[in-house]
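For this chain, numbers begin at 1 and follow the sequence in order.
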Amino acid sequence: MDITPTPQLVASDIHSSEVTILEGHGSEVFACAWSPTSSLLASGSGDSTARIWTIPDGPCGSNMLPPQVHVLKHFKGRTNEKSKDVTTLDWNGEGTLLATGSYDGQARIWSKDGELKNTLAKHKGPIFSLKWNKKGDFLLSGSVDKTAIVWDTRTWECRQQFEFHSAPALDVDWRNNVSFATCSTDNMIYVCKIGEGRPVKAFAGHQGEVNAIKWDPSGSLLASCSDDGTAKIWSLKHDKCLHDFRDHLKEIYTIRWSPTSSGTNNPNQQLILASASFDSTIKLWEVEHGSLLYSLNGHRQPVYSVAFSPNGQFLASGSLDQCLHLWSVKEGKLIKTYSGGGGIFEVCWNKEGNKIAACFSNSTVCVIDFRM
């Protein structure tokens, strides 16, 4: 008898001819970020440099003209010092300034042409997280020295240093222009406000290091993930977590909210949280009822990075298994795969949603076209 197969989304391989490989870094590339306003791509590496690449419009691939690049050196003279690793970077909202955080404990501010504008030296340990607020008048840094610092971007003075954690701060995230959250290896999360000497709120509940925190697009829900294998959702109105997601089998390295629901460009799509774990899976959760939508199984090693497309319909993921996967959020299915030459530390989408960048342990950065 004839059985008519239901049409399935079949994952297709992305051929290397469709990929632009950016070479120049001398060591693994830990971070990458597209400018929010242009086709500039920033990358940060263990070679003690960041780079700003101008990615031409038009298709990626071997035929693409080599991009212009600015090299942002975090040292004077020649060095292989581990202390100058570039660990994190973030563009301001206008795309005019790039902030980089380094293992030497200094934050640096660069123009989009790669000119060093300011060096912010107050932390006494590596900076692992660095974020501009939306307005651009404050920059927030979190450090191994257990503190978070808010910098006034008009004067580049320290506006306030927050010393609440008892161990290294791993991540920071703004809630609005004046309040933010921090998380730490001390298992704690604090919500802080500029001008306040004590935390506005303390969230306890994780049983292991809290690796990442993210406010949802409306600033009302805070998601966190931990070495205890759970992701949790918190609200300022409650002391205990609203949802406790326990389906992962190992540490959860990172989380991301979809750019959907009220207050976003995609107001009619439901809000989704993605969690990426050392168990090699990504899980998609809907947060209204706290249920698991999909478990995305396709990677074979820890997943270090996930990123939603600007329209919220696709998810990119990067893993130590050297694969970049692209998933349909609505169907929970793998649609495209690119195999690179090293573990992937971060993936990110450009503002148009038609290019994806990934940075690799083999010193390269790849840019891939995305068309559905």
### Task
Look only at the side chain of R175 and the backbone of G219, and say whether a donor-acceptor pair between them is shorter than 3.5 Å.
yes
### Query
Is there a donor-acceptor contact under 3.5 Å linking the side chains of T147 and Q161?
yes
### Task
Using the side-chain contact (heavy atoms from CB on, under 4.5 Å) rule, pick out the option among I272, T264, L271 that qualifies with W257.
L271
### Message
For L40 and I55: C-alpha separation, side-chain torsions, deciding distance, then whether side chain to side chain contact (heavy atoms under 4.5 Å, CB included) applies.
### Response
CA-CA 6 Å; L40 298 177; I55 306 300; over 6 Å; no
### Task
Please answer: with hydrophobic residues joined when any side-chain heavy atoms are less than 4.5 Å apart, are V178 and I149 in the same cluster?
no
### Query
Taking atom types as modelled and ignoring hydrogens, do the side chains of S111 and K117 form a donor-acceptor contact shorter than 3.5 angstrom?
no
### Query
Take atom CD in Q301; do more than 12 heavy atoms of anything else shown fall under 6.0 Å from it?
yes
### Task
Decide yes or no on side chain to side chain contact (heavy atoms under 4.5 Å, CB included) for D369 and N354, but give the supporting numbers first.
CA-CA 6 Å; D369 284 314; N354 61 12; 6.0 Å; no
### Message
For the backbone of E288 and the side chain of E286, can you confirm whether one donor and one acceptor N or O come within less than 3.5 Å of each other?
### Response
yes
### Message
Counting neighbours of NZ on K351 that are heavy atoms of other residues, nucleotides or ligands and sit closer than 6.0 Å, is the number greater than 12?
### Response
yes
### Query
Which atom pair, heavy atoms only, marks the closest approach of A148 to L140?
CB-CD1, 4.2 Å
### Query
K330 and S328: side-chain donor and acceptor closer than 3.5 Å?
no
### Query
Going hydrophobic residue to hydrophobic residue with side-chain gaps under 4.5 angstrom, can you get from I109 over to L98?
no
### Query
Side chain of N266, backbone of P259: donor and acceptor closer than 3.5 Å?
yes
#### Entry: Minimal non-hydrogen separation, S226 against E209, with atom names
OG-O, 2.9 Å
### Task
Take V19 and I14 through the test side chain to side chain contact (heavy atoms under 4.5 Å, CB included) and record every step on the way to the result.
CA-CA 8 Å; V19 178; I14 296 167; 3.8 Å; yes
### Query
With the threshold set at 4.0 Å, does a side-chain nitrogen-carboxylate oxygen contact exist between D104 and R108?
yes
### Task
Determine, using ring centers only, whether F180 and Y190 are less than 6.0 Å apart.
no
## Note on the structure
d(K237 NZ, L221 CG) to nearest 0.5 Å is 8.5 Å
### Task
Report the distance from atom CD of Q269 to atom OG of S258, rounding to the nearest 0.5 Å.
7.5 Å
### Query
So if you build clusters from Ile, Leu, Val, Met, Phe, Trp, Tyr with side-chain heavy-atom gaps below 4.5 Å, do W53 and V367 land together?
yes
### Task
For the residue pair F245 and W285, categorise the inter-ring angle as parallel (less than 30°), tilted (30 to 60°) or perpendicular (more than 60°).
parallel
#### Entry: H248 and S275 side chains, donor-acceptor separation under 3.5 Å
yes
### Query
Hey, mind stepping through D244 and K232 against salt bridge (charged side-chain N to carboxylate O under 4.0 Å, His left out) and telling me if it holds?
CA-CA 5 Å; D244 190 4; K232 301 183 196 296; 2.7 Å; yes
### Message
Could you tell me if the side chain of L41 sits less than 4.5 Å from the side chain of V365, heavy atoms only?
### Response
yes
### Task
Could you tell me whether the side chain of N92 and the main chain of L97 form a donor-acceptor pair under 3.5 Å?
yes
### Query
Can we say D239 and K201 salt-bridge, meaning some charged N sits less than 4.0 Å from an Asp/Glu carboxylate O?
yes
### Task
Could you pull out the closest heavy-atom pair between G125 and S143, with the gap in Å?
O-OG, 3.0 Å
### Query
Can you tell me how far CG of L324 sits from CD1 of I344, rounded to the nearest 0.5 angstrom?
5.0 Å
### Query
Would F138 and R159 satisfy side chain to side chain contact (heavy atoms under 4.5 Å, CB included), going step by step from the backbone distance to the final call?
CA-CA 9 Å; F138 293 121; R159 172 69 181 266; 3.2 Å; yes
### Task
Report yes if the side chains of L273 and K283 come closer than 4.5 Å at any heavy-atom pair, otherwise no.
no
#### Entry: Ion pair K214/D171, N-O distance below 4.0 Å
yes
### Task
Decide whether D85 and T87 meet the rule of one side-chain donor and one side-chain acceptor closer than 3.5 Å.
no
### Query
What about V172 and I194, same hydrophobic cluster or not, with Ile/Leu/Val/Met/Phe/Trp/Tyr joined at side-chain heavy-atom distances under 4.5 Å?
yes
#### Entry: Atom pair CD1 (I52) and NZ (K112), whose distance is rounded to the nearest 0.5 Å
9.5 Å
### Message
Please verify the inter-ring angle class for Y253 with F278; under 30° counts as parallel, over 60° as perpendicular, anything in between as tilted.
### Response
parallel
### Query
Can you name the closest pair of heavy atoms from A357 and C32 and give their distance?
O-SG, 4.2 Å
### Message
For the residue pair H74 / T100, report whether a side-chain donor-acceptor contact shorter than 3.5 Å exists.
### Response
yes
### Query
What is the ring orientation for F164 with F162, classed by angle as parallel under 30°, tilted 30 to 60°, or perpendicular over 60°?
perpendicular
### Query
Out of curiosity, C359 SG to Y304 OH, how far, rounded to the nearest 0.5 Å?
12.0 Å
### Query
Can you tell me if W132 uses its side chain to pair, donor with acceptor, with the backbone of D90 under 3.5 Å?
yes
### Message
Using modelled atom types and a 3.5 Å cut-off, is there a donor and acceptor pairing between side-chain atoms of Q160 and backbone atoms of G195?
### Response
yes
### Message
For a quick test of reading the model, state the closest non-hydrogen atom pair linking T49 to V86 and the distance between them.
### Response
O-CG2, 3.6 Å
### Message
Is it the case that over 12 heavy atoms from other parts of the model lie below 6.0 angstrom from the CG atom of N265?
### Response
no
### Task
Go through the side-chain N and O atoms of S43 and H25 and say whether any donor and acceptor fall under 3.5 Å apart.
yes
### Task
Taking the six-membered ring for Trp and the single ring otherwise, decide whether the centroids of Y294 and W327 are under 6.0 Å apart.
no
### Query
Is a side-chain donor or acceptor of S309 paired with a backbone partner of F314 at a separation under 3.5 angstrom?
yes
### Summary
Taken to the nearest 0.5 Å, the spacing of L296 CG from S317 OG works out to 7.5 Å
### Query
Can you get from V210 to W215 by hopping between Ile, Leu, Val, Met, Phe, Trp and Tyr side chains that sit under 4.5 Å apart?
yes
### Message
Please determine whether the number of non-hydrogen atoms from other residues, nucleotides or ligands lying under 6.0 Å from atom CD of E352 exceeds 12.
### Response
yes
### Test item: side-chain donor near acceptor, H123 and S141, under 3.5 Å
yes
### Query
In terms of side-chain heavy atoms, does H15 have a donor or acceptor partner in S17 at a distance below 3.5 Å?
yes
### Task
Would you mind telling me which of N211, N187, D228 makes a side-chain hydrogen bond (donor to acceptor under 3.5 Å, both in side chains) with H206?
D228
### Query
Do T182 and H165 have side-chain atoms, one donor and one acceptor, less than 3.5 Å apart?
yes
### Short side-chain donor-acceptor distance under 3.5 Å, W156 and N118
yes
### Task
Would you please indicate yes or no on a ring centroid separation below 6.0 angstrom for F360 and F345?
no
#### Entry: Neighbour count above 12 (heavy atom, 6.0 Å) for K146 NZ
no
### Message
If you compare all heavy atoms of F308 against all heavy atoms of R256, which two are closest, and at what distance to 0.1 Å?
### Response
CE1-O, 3.5 Å
